[in-house]
There are 2 protein chains.
Amino acid sequence: MYGTYHKETTMAVLRNYPADLDPRVIDVIGRVADKWTMIVLDVLSEHGELRFSKLAQLASGISQKMLTQTVRQLERDGLVIRTIHPVIPPKVEYRLTDLGVSLAEALCGVWVWAAHNVDRIAASRRNYDNRSGD
Amino acid sequence: MYGTYHKETTMAVLRNYPADLDPRVIDVIGRVADKWTMIVLDVLSEHGELRFSKLAQLASGISQKMLTQTVRQLERDGLVIRTIHPVIPPKVEYRLTDLGVSLAEALCGVWVWAAHNVDRIAASRRNYDNRSGD
DNA sequence: GTGCCTACTTCCCAACGGTAACCGGCAATT
DNA sequence: AATTGCCGGTTACCGTTGGGAAGTAGGCAC
């Protein structure tokens with residue numbers, strides 16, 4: 001395929017379109033499969049309604065920019081409700097919708113898996129890196 | 001925090017370290033929460049052992065570069081086994097380890113959720129975008 | 001010698017994410 | 001009156017990541 005005579009690369013070209021994975025589902029997965037998205041959802045599901053700054057404190061290491069961007073996407077996708085209280089100084093609260101709660105539940109299994117297998121993964125990495133270091 | 005007098009941004013600074021989320025677990029989540037990782041794991045769990053090119057065909061839209069990179073990471077983390085058959089032309093096969101299978105099972109719930117809620121999310125986005133377009 | 005096969009690697013460029021600074025609007029302090 | 005502080009954001013800059021396309025290895029078929 002790719003080589004001197006092959007003018008296109010993305011493997012969509014040689015594929016006979018297996019119709020295996022629905023592109024709309026892929027798109028949703030692309031949104032969900034994001035580190036900050038998963039962390040924000042997890043924090044909100046554990047702590048309930050939170051203000052911006054509190055959410056920032058609990059979502060380990062996130063920058064303001066990414067937090068704003070992440071919650072905006074979640075709001076757009078109907079996973080989070082953003083409530084603006086018109087006071088000075090500003091007060092904005094975030095909480096999961098029912099849809100957001102259902103996603104958080106689905107993601108829970110992944111968090112449990114990760115917590116349960118941290119050591120195994122770390123061991124595998126050490127092993128791999130040692131073999132490479134020959 | 002951030003402002004004229006604030007010299008640092010990443011919110012780790014103002015945080016009193018809630019010790020809520022284990023950084024090692026966060027790291028694992030950071031690896032798993034990746035579009036191509038999730039797709040490759042899904043394809044391998046559905047089709048069993050696959051060659052590089054077949055995997056590329058089934059993983060909708062992935063580039064060679066990202067496929068190579070993704071399977072290398074999965075191999076390093078002990079989720080995938082990479083078997084090189086020393087023949088010409090080259091033949092390399094990939095399959096999930098038991099650990100990889102267990103992760104694919106945990107991710108299955110997310111795929112089901114995504115497939116089940118595609119329409120709801122699309123509707124929410126249309127709604128959000130229309131309100132913005134005032 | 002030229003073409004071909006597969007699984008990569010490399011180059012270039014566009015998009016993403018982090019860092020840190022700036023903003024708005026009002027109230028309390030100096 | 002001017003400065004400081006509060007909170008939830010933008011904005012500018014810049015290094016890293018990811019995509020597209022072409023190049024590579026190395027042996028076999030023509």
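Remember, predicted model here, so these are calculated numbers, not experimental data.
- In this structure, A:D22 contributes its side chain and A:R24 its backbone to a donor-acceptor pair below 3.5 Å.
- Between B:E93 atom CD and C:dC8 atom C1' there is a gap of 16 Å when expressed in whole angstrom units.
- B:L67 places its CG atom 13 Å from the P atom of D:dG20, with the value rounded to the nearest Å.
- Nearer to the 5' terminus of DNA chain C, by closest-nucleotide assignment, is the contact made by A:Q69 (compared with the other of A:Q69 and A:I88).
- Formation of a donor-acceptor pair under 3.5 Å by the A:S60 side chain with backbone atoms of B:L21 is not found in this model.
- Applying the 4.0 Å criterion to OP1 and OP2 of D:dG19, one finds that B:W36 has a side-chain N or O inside that range.
- OP1 or OP2 of C:dC8 lies within a sub-4.0 Å distance of a side-chain N or O belonging to B:R72.
- Ranking D:dG20, D:dG9, C:dC8 by closeness to the B:F52 side chain, first place goes to C:dC8.
- Distance alone, capped at 3.5 Å, is enough to place a donor-acceptor pair between the A:D34 side chain and the A:T37 backbone.
- One finds a salt bridge joining B:R76 and A:D129 here, because a Lys/Arg side-chain nitrogen approaches an Asp/Glu carboxylate oxygen to under 4.0 Å.
- What separates NE2 of A:H85 from C1' of D:dC7 is a distance of 14 Å, to the nearest Å.
- The pair B:D27-A:K35 does not meet the salt-bridge criterion, since no charged nitrogen lies less than 4.0 angstrom from a carboxylate oxygen.
- In the set D:dA22, C:dG17, C:dA7, the nucleotide with an atom closest to the side chain of B:Q64 is D:dA22.
- Side-chain atoms of A:R51 lie closest to D:dC7 of the nucleotides D:dT10, D:dA22, D:dC7.
- Across its full length, the helix from C:dG1-D:dC30 to C:dT30-D:dA1 shows an angle of 40° between the axes of its 5 terminal pairs at either end, rounded to 10 degrees.
- In this structure, the nucleotide among C:dG18, D:dG19, C:dC8 sitting nearest to the side chain of B:K65 is D:dG19.
- With rounding to whole Å, B:Q57 atom CD is found 12 Å from C:dT6 atom C1'.
- Although no hydrogens or angles enter the test, the distance criterion places no donor-acceptor pair under 3.5 Å between the side chain of A:H116 and the main chain of A:V112.
- You'll find that the side chain of B:T68 is closest to C:dT9, out of D:dC7, C:dT9, D:dG9.
- Between the OG1 atom of A:T97 and the CG atom of A:L44 there is a distance of 10.5 Å, given to the nearest 0.5 Å.
- When rounded to the nearest whole Å, the span between CG of B:L50 and P of C:dA7 equals 11 Å.
- Between the P atom of D:dT17 and the NZ atom of A:K35 lies a distance of 12 Å, rounded to the nearest Å.
- For the pair A:S53 and D:dG8, the criterion of a side-chain N or O lying under 4.0 Å from OP1 or OP2 is met.
- Nearest to the side chain of B:P89, among C:dC5, D:dT10, C:dT9, sits C:dC5.
- Put simply, CE on B:M66 is 5 Å from P on D:dG19, counting in whole angstrom units.
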